[in-house]
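Proteins come first, then strands; the chains are lettered A, B, ... in the order of their sequence lines, and each starts at number 1. Heavy atoms only: backbone and side chains are in, while hydrogens, waters and symmetry mates are out. Everything numeric here is computed off the predicted structure, so don't read it as measured data.
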Amino acid sequence: MTQPRSPLMQELTARGFVFQSTDPEGLDQKLQAERVTGYIGFDPTGDSLHVGHLVSIMQLRWLQRHGHKPIVLLGGGTAKIGDPSGKDEQRQFLSDEQIEINKAGIRRVFDKFLSFGDGPTDAILVDNAEWLDELRYIPFLRDIGRHFTVNRMLTFDSVKSRLEREQPLSFLEFNYMILQAYDFVELARRYGCVLQLGGSDQWGNIVNGMELGRRLDDRHLFGQTSPLITNADGAKMGKTAKGAVWLNEDRLSAYDYWQFWRNTQDADVGRFLRLFTDLPLDEIARLEALEGQEVNDAKRVLANAATTLAHGPDAARAAEETAQATFAAGGAGAALPTLELTPERLAGDGVGVLDLFVEAGLADSKKEVRRLIAQNGARVDGQPVGEDYRLTADALPGDGLKLSAGKKRHAVVRPAGA
RNA sequence: GGAGGGGUGGCUGAGCGGUCAAAAGCAACGGACUGUAAAUCCGUCGGGUUUCCCUACGCAGGUUCGAAUCCUGCCCCCUCCA
């Protein structure tokens with residue numbers, strides 16, 4: 001492929017967002033010639049998005065920053081069906097109420113990354129339930145269904161893999177790709193949208209939409225996918241002990257989010273800086289070249305930049321200060337999870353370690369605390385404690401004590417009201 | 001509809017009357033080494049009022065001193081035949 005000339009394509013290519021493209025040259029030319037409207041679809045199957053979605057989110061952000069118009073398409077309609085490409089199990093049906101809750105949560109995430117409004121490059125959020133819920137079956141089959149051959153549909157990976165593994169594929173799910181293809185056409189008609197982005201698993205769906213647009217309206221639509229992002233171990237990124245790394249503050253604190261990025265493996269730092277921050281490429285190149293202990297500086301920059309995007313500069317700064325106070329100075333930072341204990345609880349014998357650690361969220365069960373203690377991993381104010389340790393009122397200063405489970409997990413206990 | 005195979009801990013997957021809270025691997029957690037990295041090594045890995053008790057091998061019963069293991073019924077999945 002020749003070097004792209006449009007700023008957007010240069011940016012996306014240099015940062016590693018581009019995997020496959022239906023017509024790279026054509027898209028590049030169009031991007032130079034005019035303002036392009038592009039979209040990515042998100043299924044509102046959860047009330048937040050996680051770092052796995054970040055590659056898509058960042059692409060929409062770049063689209064907007066380079067003067068084009070992003071559409072966030074929420075699959076309120078398709079969420080009722082479930083994308084068969086995922087796993088073997090059929091998708092759970094979501095209630096309408098749940099879908100509304102999820103849409104609101106997702107909208108909150110996008111508010112951080114895009115600017116919405118009525119202007120020409122302002123992002124808009126659209127729900128495909130708007131047109132899918134009203135579809136009439138026979139007209140849809142006649143107008144849209146005629147353009148799909150089952151023969152072809154059977155060759156798409158999402159379907160093929162199901163069939164090959166002899167996993168059931170319901171007719172309901174079989175329709176997903178048609179509806180997604182139809183979404184693209186509908187967005188093209190309503191908003192002049194000509195570009196669909198997505199993960200590499202969406203290639204088939206994207207191509208379908210593009211072709212449907214050509215057959216139905218003689219439109220030239222473009223599609224482009226991004227690579228599946230794994231970490232240097234080859235594991236899908238964004239999985240931690242507690243599950244997904246959420247972008248909503250109420251699912252994952254800004255401090256934990258910051259820590260997630262701070263703990264990036266050395267080998268991933270450069271790639272992640274390019275994908276998940278807005279930092280200039282030459283700056284990233286400099287950070288990427290750091291070696292040995294100095295890569296920690298790059299990780300801190302990564303954590304700050306990524307946290308600023310998702311939670312704002314204040315939260316990022318607070319997270320960094322807490323990390324600094326906790327790890328470098330061995331103290332306790334303000335953003336650590338905090339357990340408050342009432343005077344009543346602290347009276348007399350006080351609170352035992354087992355309860356203390358469980359309540360502080362550092363262990364899931366008392367047994368786990370026992371295990372921690374047996375392995376010397378449970379510390380109060382930096383000192384290893386035994387199973388018989390009890391926290392009493394006079395042992396708890398007003399500014400609290402630091403509880404630690406292992407070297408990385410910390411919390412603070414303090415008297416209530418202090 | 002008929003015949004056969006199977007449902008085990010977060011996942012993969014052994015066990016097929018007692019010594020089974022259930023091998024092994026992965027994941028996870030703690031420790032050592034480091035740089036809040038990776039790799040490596042050691043340890044842990046259902047819960048509790050912890051020499052004992054509770055819950056657990058698809059669900060519900062039964063046989064037995066004793067069942068993840070045997071029997072009956074039900075649910076679900078797979079294969080072959082129709």
Side-chain angles (χ1 to χ4, degrees), chain A residues 86-90 92 162-170 230-245 253-273 287-304 306-307 316 319-333 335-337 349 351-380 382-388 390 402-411:
Chain A
K87 277 292 162 198
D88 290 342
E89 324 92 53
Q90 285 195 15
Q92 290 285 311
R162 272 280 188 95
L163 295 179
E164 276 170 2
R165 279 173 307 168
E166 289 166 337
Q167 294 294 325
L169 174 71
S170 70
T230 57
N231 63 27
D233 284 347
K236 205 165 171 178
M237 80 168 294
K239 291 281 173 69
T240 67
K242 302 222 162 163
V245 178
S253 72
Y255 168 72
D256 285 327
Y257 190 75
W258 194 93
Q259 282 295 320
F260 167 76
W261 293 105
R262 173 59 247 267
N263 284 305
T264 298
Q265 297 179 27
D266 288 10
D268 290 328
V269 173
R271 205 159 46 99
F272 285 4
L273 279 165
L287 291 166
E288 193 177 15
L290 296 175
E291 285 183 13
Q293 190 166 171
E294 293 195 314
V295 293
N296 286 329
D297 294 339
K299 291 181 189 180
R300 228 172 30 247
V301 173
L302 170 63
N304 282 336
T307 306
E320 183 182 20
E321 278 164 15
T322 292
Q324 159 70 22
T326 306
F327 288 95
L336 289 180
D349 286 347
V351 182
V353 234
L354 303 184
D355 290 320
L356 197 58
F357 274 68
V358 171
E359 286 177 38
L362 294 173
D364 290 330
S365 67
K366 294 179 185 179
K367 185 136 183 171
E368 200 177 311
V369 183
R370 287 203 169 89
R371 223 175 275 140
L372 270 173
I373 290 168
Q375 301 188 117
N376 246 305
R379 295 189 306 284
V380 174
Q383 298 303 309
V385 293
E387 271 189 44
D388 52 357
R390 301 192 72 82
K402 181 170 73 163
L403 305 179
S404 309
K407 283 175 296 196
K408 288 193 190 172
R409 295 154 54 222
H410 306 281

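Within the model, atoms CG of A:Asn263 and CG of A:Leu302 stand 11.0 Å from one another, a figure rounded to the nearest 0.5 Å. One finds the OG1 atom of A:Thr322 at 9.5 Å from the CD atom of A:Gln259 (value rounded to the nearest 0.5 Å).
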(request) Using a 4.0 Å cut-off on protein heavy atoms (strictly under), produce a 5'-to-3' string for nucleotides 34-44 of chain B with B for base contact, S for backbone-only sugar-phosphate contact, and - for none. (result) BBBBSS---BS
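Distance alone, capped at 3.5 Å, is enough to place a donor-acceptor pair between the A:Arg390 side chain and the A:Asp349 backbone. In this structure, the side chain of A:Lys402 does not engage the main chain of A:Gly333 through any donor-acceptor pair within 3.5 Å. Here the side chain of A:Arg409 pairs a donor or acceptor atom with the backbone of A:Leu362 at under 3.5 angstrom. Between the side chain of A:Thr264 and the backbone N or O of A:Trp261 there is at least one donor-acceptor pair closer than 3.5 Å.
Across B:rA37 and B:rU69, the matching P atoms stand 45 Å from one another, rounded to whole Å. On the C1' atoms, B:rG17 is 7 Å away from B:rC70, given to the nearest whole Å. Across the P atoms, B:rC26 and B:rG43 are found 14 Å apart, a figure rounded to whole Å. Comparing B:rG7 with B:rC57, their P atoms sit 13 Å apart, to the nearest whole Å. Comparing the P positions of B:rG30 and B:rA67 gives an interatomic distance of 38 Å, to the nearest angstrom. When the P atom is used for both B:rC16 and B:rA68, the distance is 14 Å, rounded to whole Å. Separation of the C1' atoms belonging to B:rG10 and B:rC81 is 39 Å when rounded to the nearest angstrom. Taking the C1' atom of each, B:rU50 and B:rU34 are spaced 37 Å apart, rounded to whole Å.
Distance, A:Lys366 NZ to B:rU50 P: 10 Å, rounded to whole Å. In this structure, A:His410 atom NE2 and B:rG30 atom P are separated by 10 Å, rounded to whole Å. When rounded to the nearest whole Å, the span between CD of A:Glu368 and P of B:rG46 equals 11 Å. If you take NZ of A:Lys367 and P of B:rA21, they are 13 Å apart, rounded to a whole angstrom. We find that CZ of A:Arg409 is positioned 14 Å from C1' of B:rG31, with the value rounded to whole Å. If you measure from atom CD1 of A:Ile373 to atom P of B:rG31, you get 13 Å, rounded to the nearest angstrom.
For B:rU49, the OP1/OP2 oxygens have a side-chain nitrogen or oxygen of A:Arg370 closer than 4.0 Å. Within the 4.0 Å cut-off from OP1 or OP2 of B:rG30, not a single side-chain nitrogen or oxygen of A:Arg379 is found.
Heavy atoms of A:Arg300 sit nowhere under 4.0 angstrom from any nucleic acid atom.
Residues A:Thr326 and A:Leu336 are in side-chain contact: their nearest non-hydrogen atoms beyond the backbone lie under 4.5 Å apart. Looking only at side-chain heavy atoms (C-beta outward), A:Thr307 and A:Tyr255 stay at 4.5 Å or farther from each other.
With no hydrogens or angles considered, a side-chain donor-acceptor pair links A:Ser404 and A:His410 at under 3.5 Å.
RNA chain B forms stems at B:1-7 with B:75-81, B:10-12 with B:24-26, B:28-32 with B:40-44, B:46-48 with B:52-54, B:58-62 with B:70-74, each a run of 3 or more consecutive Watson-Crick or G-U wobble pairs whose two key distances fall under 3.5 Å.
Across A:Asp388, A:Ile373, A:Leu403, a single residue satisfies side chain to side chain contact (heavy atoms under 4.5 Å, CB included) together with A:Val353, and that is A:Ile373.
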